[in-house]
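Quick caveat, the model's predicted, so the values are computed rather than measured.
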Amino acid sequence: MGVDYYNILKVSRSATEEDLRKSYKRLAMKWHPDKNAVNTKEAEAKFKQISEAYDVLSDPEKRQIYDLYGEEGLKSGLHPPPKDRDSGYGGGGGGMGFKFSPRDAEDIFEEFFSGLDVDKGKIGGGGGEARLKKAAVMESKLACTLEELYKGSRRKMKISRIVLDVSGKPITVEEVLSIHIKPGWKKGTKITFPEKGNYEPGASPGDLIFVVDEKPHPSFKRDGNDLIIHQRISLLDALTGKTLKLKTLDGRDLTVAVSDIVKPGYEMVIENEGMPISKEPGKHGDLRIKFDVKFPSRLSSDQKSDLRRVLGRTTG
């Protein structure tokens with residue numbers, strides 16, 4: 001008996017050209033493979049069937065032969081086509097019948113949507129195919145500690161997004177994505193998951209983008225590839241020296257000997273103890289120690305005299 005093209009397009013046998021166009025447009029948008037990530041193979045098969053049905057029923061000669069002899073009669077090539085039209089199938093006496101190919105499905109789709117909601121891509125060695133416009137990008141912040149951005153880490157992120165089920169209805173699904181945070185990444189770094197965003201009518205799924213955000217740290221502040229830490233020391237230590245014990249972001253104990261006289265605004269630079277440089281593996285920025293000298297709020301007369309004597313000053 002063959003394929004019922006009218007049933008595939010959900011139209012009656014008396015359907016007009018406008019009826020066919022409306023039905024094809026609705027079904028093609030529903031079953032285009034770019035819109036059906038859940039079951040792509042089924043979508044491809046249905047999209048091909050819908051396109052084949054429209055190709056036959058929208059052509060008056062093919063439709064006439066189909067109405068009289070069915071799909072098998074149309075594709076057998078035993079029934080002669082009009083002499084003045086190349087309709088894609090052979091004449092009587094066993095010529096080649098009408099044959100539908102997957103390429104034709106995209107050609108028909110492009111006729112409807114080219115220049116509207118689709119972009120043209122390339123297939124094979126040339127030719128074009130119509131591809132659905134992508135839905136809007138979804139962006140989400142990925143808040144990271146400074147330790148994570150220093151050492152690197154792996155995250156499991158649970159997301160919810162809208163997809164189409166096998167019947168073409170929108171449903172919400174949950175999914176777990178794995179994110180590898182690389183050492184040295186900065187605030188604003190983007191991690192893109194292609195087509196992991198929502199579906200929208202008339203569009204293929206958009207991309208999901210995570211944007212790195214940096215959580216404040218109680219001790220360190222980042223400045224590009226450098227790390228800054230503030231150290232408050234007494235006036236005595238500023239004058240006589242001090243050994244600092246710092247805990248690095250990867251848990252190491254860093255000993256820093258301060259031997260120079262520390263003046264207000266003094267900054268000490270420890271090379272290669274800053275943030276990793278993501279584009280230059282093995283390299284780091286610097287650690288910058290900024291000092292704040294704590295002056296005594298008051299001194300006794302004896303203390304003042306001692307200071308004058310030590311610093312070489314005398315009363316006038």
Side-chain angles (χ1 to χ4, degrees), residues 139-155 157 179-192 209-316:
E139 283 198 0
S140 180
K141 282 188 177 181
L142 182 66
C144 300
T145 65
L146 204 51
E147 284 85 355
E148 286 180 303
L149 297 175
Y150 186 93
K151 297 182 290 185
S153 69
R154 291 187 180 274
R155 289 274 197 93
M157 301 295 292
I179 300 178
H180 181 199
I181 300 168
K182 296 183 180 180
W185 273 2
K186 298 178 180 179
K187 180 178 180 178
T189 298
K190 294 184 176 182
I191 308 103
T192 301
I209 299 177
F210 288 97
V211 183
V212 171
D213 194 21
E214 187 180 294
K215 293 181 179 179
H217 193 275
S219 301
F220 294 97
K221 182 178 180 180
R222 185 175 187 171
D223 182 15
N225 293 320
D226 291 346
L227 285 173
I228 298 173
I229 188 170
H230 290 266
Q231 286 289 304
R232 187 174 175 83
I233 62 173
S234 67
L235 178 59
L236 177 62
D237 290 335
L239 295 173
T240 61
K242 182 178 176 65
T243 299
L244 303 177
K245 300 287 187 180
L246 304 177
K247 182 72 75 173
T248 63
L249 291 172
D250 57 350
R252 292 177 292 114
D253 291 317
L254 185 64
T255 301
V256 179
V258 183
S259 56
D260 293 339
I261 293 177
V262 177
K263 301 175 183 178
Y266 178 78
E267 181 176 296
M268 188 175 186
V269 177
I270 312 299
E271 294 183 352
N272 299 316
E273 285 293 348
M275 293 294 293
I277 301 175
S278 60
K279 295 182 179 180
E280 299 180 61
K283 292 187 177 182
H284 291 69
D286 298 331
L287 172 62
R288 290 151 51 193
I289 305 173
K290 293 189 174 184
F291 291 92
D292 179 18
V293 180
K294 181 182 178 182
F295 284 79
S297 58
R298 55 179 297 183
L299 292 173
S300 66
S301 298
D302 290 341
Q303 288 173 323
K304 291 179 181 179
S305 296
D306 290 340
L307 281 174
R308 289 190 181 101
R309 184 175 64 254
V310 171
L311 297 176
R313 295 186 59 185
T314 60
T315 58

side-chain contact (heavy atoms from CB on, under 4.5 Å) between Arg154 and Ile179, intermediate numbers included: CA-CA 6 Å; Arg154 291 187 180 274; Ile179 300 178; over 6 Å; no

What heavy-atom pair brings [X] and [Y] nearest, and what distance separates the two atoms?
X	Y	result
Pro264	Val293	N-CG2, 4.5 Å
Lys290	Ile228	CD-CG2, 4.0 Å
Trp185	Leu149	O-CD2, 3.6 Å
Pro296	Leu299	CG-CD2, 4.0 Å

Euclidean distance, [Y] [atom2] relative to [X] [atom1], rounded to 0.5 Å:
X	Y	atom1	atom2	result
His180	Ser153	NE2	OG	7.5 Å
Phe210	Glu139	CZ	CD	11.0 Å
Ile209	Ser140	CD1	OG	11.0 Å

Is any side-chain heavy atom of [X] less than 4.5 Å from a side-chain heavy atom of [Y]?
X	Y	result
Ile229	Leu227	no
Ile277	His284	no
Met157	Leu142	yes
Gln231	Leu246	yes
Lys186	Arg222	yes
Leu249	Met275	yes
Ile181	Arg155	yes
Glu214	Leu146	yes

Worked verdict on Lys151 versus Asp250 for salt bridge (Lys or Arg N to Asp or Glu O under 4.0 Å): CA-CA 6 Å; Lys151 297 182 290 185; Asp250 57 350; over 6 Å; no

Derivation and outcome, salt bridge (Lys or Arg N to Asp or Glu O under 4.0 Å), residues Lys215 and Glu148: CA-CA 10 Å; Lys215 293 181 179 179; Glu148 286 180 303; 5.8 Å; no

Ser300 side chain to Asp302 side chain, donor-acceptor N/O pair below 3.5 angstrom: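 Asp302 and Ser300 do not have a side-chain donor-acceptor pair below 3.5 Å.
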
Donor-acceptor contact below 3.5 Å, side chain Asp226 vs main chain Asp286: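 Side chain of Asp226 to backbone of Asp286: a pair is present.
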
Identified side-chain contact (heavy atoms from CB on, under 4.5 Å) partner of Val256 from the options Leu287, Ile289, Thr243: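 By the side-chain contact (heavy atoms from CB on, under 4.5 Å) criterion, Val256 pairs with just one of Leu287, Ile289, Thr243: Ile289.
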
Pairs involving residues 262-273, ordered by first then second residue, that meet side chain to side chain donor-acceptor pair (under 3.5 Å) (sequence neighbours left out):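 Residue pairs passing side chain to side chain donor-acceptor pair (under 3.5 Å), neighbours aside: Arg252-Glu273, Asp260-Tyr266, Glu267-Arg288.
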
